[in-house]
Amino acid sequence: MTAIDWYPLWNSLRIAAISCALVFFLGIFFAYYAAKLPRIIKGILDVILTLPMVLPPTVCGYFLLLIFGARRPVGIFLMQFGVKFVMTWYGGILAAAVVAFPLMYRTARGAFESFDQNLAYSAQTLGLSNTFIFWRIRMPACRQGILAGTVLAFARALGEYGATSMLIGYTPGRTATISTTVYQLWRTNDERGAMFWVLVNLAISTVVLLTVNMMEARQKRAAGNAASARNKMHKDAAEKAVGK
């Protein structure tokens, strides 16, 4: 029995995790400030930031090659510092982040736009800083949208193939990911090996989605308990007022 090379799993997980962390902060940053822009400027920015979501992933990978290729100005400049995105595993982080960013950005922006600004105004009247308001009031209130965007970005990065294959290719033990491994095994008529990695990817995605559903259910229960406690408190206060 041939030993299984687990490198594609490890490489895919680290690429998805690092790229997800990057788009988490970048998506929140752009979504927060884009929500405050005038409609026309916001519309133009939306087109630019969400373009990778509608372009074929291979087209995104082609544009990345045009920018970061070894013979391109940006690529030549980065090479002077020992940074090379083409045919390296960390180039997959760049490719996955570009493709996954629009999902995080659009979801986070929708969450911020639905935020009740009266909560922020009330906090400002109490002398709270904008940083405190953002992390302790706005983010908790928008956590469902933020969580959904994070999960979608991770899942998209984990299953990314087109841009990744264009930028980093497939080299066993160096740049191989689950998606590129599935294609290579299928291309060489190793359907059993391809099915194995398909099932691995399916299992990871299922676990991620189940975890999110459990967190959402717990959040809804907590919100329901808090609402019940408030209603009980108001009811007790009303009964005391009537008794007086």
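Just so it is clear, the structure is predicted and the values come from calculations on it, not from any experiment.
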From Ser19 atom OG to Arg14 atom CZ, the distance as rounded to the nearest 0.5 Å: 12.0 Å
Pairing residues for Thr150 by the side-chain hydrogen bond (donor to acceptor under 3.5 Å, both in side chains) criterion, not counting sequence neighbours: none
Ring centres under 6.0 angstrom apart (Tyr33, Phe29): yes
Over 12 foreign heavy atoms within 6.0 Å of CD, Gln124: yes
Flag, side chain of Thr50 to backbone of Met53, donor-acceptor distance under 3.5 Å: no
Any donor-acceptor N/O pair, Thr181 side chain to Pro8 backbone, under 3.5 Å: no
Pairwise distance OG1(Thr164) to CD1(Ile15) - rounded to 0.5 angstrom: 6.5 Å
Check: Tyr7 side chain, Arg174 main-chain N or O, donor-acceptor pair, under 3.5 Å: yes
Rounded distance (nearest 0.5 Å) linking atom CG of Leu126 with atom CZ of Phe132: 10.0 Å
Gap separating the CD atom of Glu160 from the CD1 atom of Ile93, nearest 0.5 angstrom: 13.5 Å
Close side-chain approach of Ile28 and Phe112, heavy atoms under 4.5 Å: yes
Neighbour count above 12 (heavy atom, 6.0 Å) for Met195 CE: no
Side chains of Val86 and Ile168 in contact at under 4.5 Å (non-hydrogen atoms): no
Hphob cluster co-occupancy, Trp135 + Phe115, side-chain heavy atoms under 4.5 angstrom: no
CA sep, side-chain torsions, deciding dist, call: Phe24, Ile146, side chain to side chain contact (heavy atoms under 4.5 Å, CB included): CA-CA 8 Å; Phe24 175 82; Ile146 300 297; 3.5 Å; yes
For Arg106, salt bridge (charged side-chain N to carboxylate O under 4.0 Å, His left out) partners two or more places apart: none
Straight-line distance of Tyr105 OH to Asp46 CG, nearest 0.5 Å: 3.5 Å
Shortest non-hydrogen contact between Ser165 and Thr180, atoms and distance: CB-CG2, 4.3 Å
Smallest separation among heavy atoms of Asn201 and Gly159, with atom names: ND2-CA, 4.4 Å
Heavy-atom closest pair, residues Leu152 and Leu103: O-CD1, 3.8 Å
Minimum side-chain heavy-atom gap Arg192-Asp190 below 4.5 Å: yes
Side chains of Leu185 and Glu191 in contact at under 4.5 Å (non-hydrogen atoms): no
Which atom of Ile137 lies closest to which atom of Ala123, heavy atoms considered: CD1-CB, 3.5 Å
Shortest non-hydrogen contact between Ala17 and Phe154, atoms and distance: N-CE1, 3.9 Å
Hydrophobic cluster membership, Tyr161 vs Trp10, 4.5 Å side-chain cutoff: no
Transitive ILVMFWY side-chain link Leu13 to Val23, under 4.5 Å: no
ILVMFWY network linking Leu65 to Val74, side-chain heavy atoms under 4.5 angstrom: yes
Residues that Phe85 engages under ring-ring contact (aromatic ring centres under 6.0 Å, His included), provided they are two or more places apart: Phe68
Aromatic plane relationship, Tyr183 with Trp186 - under 30° parallel, 30 to 60° tilted, over 60° perpendicular: tilted
Whether over 12 other heavy atoms sit under 6.0 Å from Leu199 CG: yes
Beyond-backbone contact of Leu64 with Met166, side-chain heavy atoms, under 4.5 angstrom: no
Heavy-atom check, side chain of Thr177 versus side chain of Ser179, under 4.5 Å: yes
Flag side-chain contact, heavy atom, 4.5 Å: Leu158 against Ser12: yes
Leu209-Ile178 co-clustered via ILVMFWY side chain contacts under 4.5 Å: yes
Aromatic ring proximity, centroids under 6.0 angstrom, Phe134 and Tyr32: yes
Partners meeting ring-ring contact (aromatic ring centres under 6.0 Å, His included) with Phe196 (sequence neighbours left out): Trp6
Side chain proximity check, Thr171 to Trp89, heavy atoms < 4.5 angstrom: no
Nearest atoms (heavy-atom pairs only) where Leu128 meets Ile133: O-CD1, 3.8 Å
Any donor-acceptor pair under 3.5 Å from Arg187 side chain to Gln184 backbone: no
Residues Arg72, Ile67; criterion side chain to side chain contact (heavy atoms under 4.5 Å, CB included); working and verdict: CA-CA 6 Å; Arg72 303 295 175 176; Ile67 298 173; over 6 Å; no
Under the ring-ring contact (aromatic ring centres under 6.0 Å, His included) test, residues paired with Tyr90 that sit two or more places apart: none
Pairing residues for Glu113 by the side-chain hydrogen bond (donor to acceptor under 3.5 Å, both in side chains) criterion, not counting sequence neighbours: Lys42, Arg109
From CD (Gln144) to OG (Ser114), nearest 0.5 Å: 11.0 Å
